[in-house]
Amino acid sequence: MEELYIGARNRKTTKTNMFHFEVEILNTVLDIQLTEYRDQISGTNTHLLEYMGALSPCDSFAQFDKSKLLKLCKLYKYDFDDSDMIDLEGQLEIFYHSCTKDERFTSLKGISDLSHLMVSTGKHRSYPLVYKLLKLALILPIAIASVERCFSKMKLLKTDLRKKIGDDFLNGTLLCNVETETLAKVENEKVMERFQKMSAQRGQI
């Protein structure tokens with residue numbers, strides 16, 4: 001790898017093979033991947049992931065940050081009102097000190113393990129707002145992925161030729177394209193029976 005790199009038309013260069021592969025190829029590929037990563041994950045999503053990390057029980061809640069968790073709650077305006085925010089701040093403080101002193105919570109691997117242990121130990125009743133926040137954090141990645149998939153499919157479905165497509169038809173088309181695995185399990189006979197029972201059908205199958 002220390003030999004001089006031979007470029008196009010068998011011309012020797014002043015760069016070594018190691019320099020060519022590490023700097024000119026590897027770094028270029030990494031830059032492309034980082035650019036795609038930044039395009040896929042917006043600043044808002046990055047903050048959400050950062051806030052979720054503050055709930056991680058790994059290393060005895062080493063990442064715990066009450067201020068970040070309160071910022072996460074502000075994103076759920078319909079789930080936490082002003083009084084809930086005040087109560088949650090106190091619950092988070094007590095919850096953190098309680099769990100760091102409990103040996104059962106010192107070897108957890110993630111927030112899913114934390115939710116299971118909270119239920120089995122009854123802490124979900126002692127700290128209901130913390131548990132509510134934990135449940136929201138658990139479904140957040142699924143919700144983000146579902147929304148991203150819907151928007152990606154919608155770009156393919158709602159083209160210039162279909163720009164006058166109705167909302168009902170668009171929703172049905174999106175459902176068929178996004179939930180393909182689920183729909184594959186639906187039997188054709190049941191679909192036909194459902195169609196026959198509809199009062200607005202235009203014909204018989």
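No hydrogens, no waters, no symmetry mates; every other heavy atom, side chains included, goes into these values.
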* Output yes when a side-chain donor or acceptor of Lys74 lies under 3.5 Å from a complementary backbone atom of Phe80, and no otherwise. => no
* side chain to side chain donor-acceptor pair (under 3.5 Å) involving Lys123 - partner list, sequence neighbours excluded -> Ser98
Could you give the side-chain donor-acceptor pairs of residues 110-120 under 3.5 Å, partners two or more places apart or in another chain?
residue : atom : partner : partner atom : Å
Asp113  : OD2  : Lys109  : N            : 3.3
Ser115  : OG   : Ser112  : O            : 2.7
His116  : ND1  : Ser112  : O            : 3.2
Ser120  : OG   : His116  : O            : 3.3
Ser120  : OG   : Leu117  : O            : 3.0

* Which residues share a side chain to side chain donor-acceptor pair (under 3.5 Å) with Asn188, sequence neighbours left out -> none
* To do: Kindly compute the distance separating OH (Tyr96) from CG (Leu55), expressed to the nearest 0.5 Å.
  => 13.0 Å
* To do: State, yes or no, whether a side-chain contact exists between Leu69 and Phe64 at a heavy-atom distance under 4.5 Å.
  => yes
* **Minimum heavy-atom distance between Ala54 and Lys68, given as atom pair plus value** => CB-CB, 4.0 Å
* Taking all non-hydrogen atoms of both residues into account, name the closest pair between Ile94 and Tyr127 and its distance. => CG2-OH, 3.6 Å
* Does CG belonging to Asp79 count more than 12 external heavy atoms closer than 6.0 Å? -> yes
* To do: Would you please test Phe61 and Phe95 for side-chain contact (heavy atoms from CB on, under 4.5 Å) and show each step?
  => CA-CA 11 Å; Phe61 294 86; Phe95 172 77; 4.1 Å; yes
* Structure fact -> Heavy-atom nearest pair, Glu93 first then Lys66, reads OE1-NZ, 2.9 Å
* Separation between SG of Cys73 and CG of Leu88, rounded to the nearest 0.5 Å -> 4.5 Å
* Structure fact -> From the list Leu129, Leu92, Asp81, side chain to side chain contact (heavy atoms under 4.5 Å, CB included) partner of Asp87 resolves to Leu129
* Closest contact, heavy atoms only, Phe105 versus Thr121 -> CZ-OG1, 3.8 Å
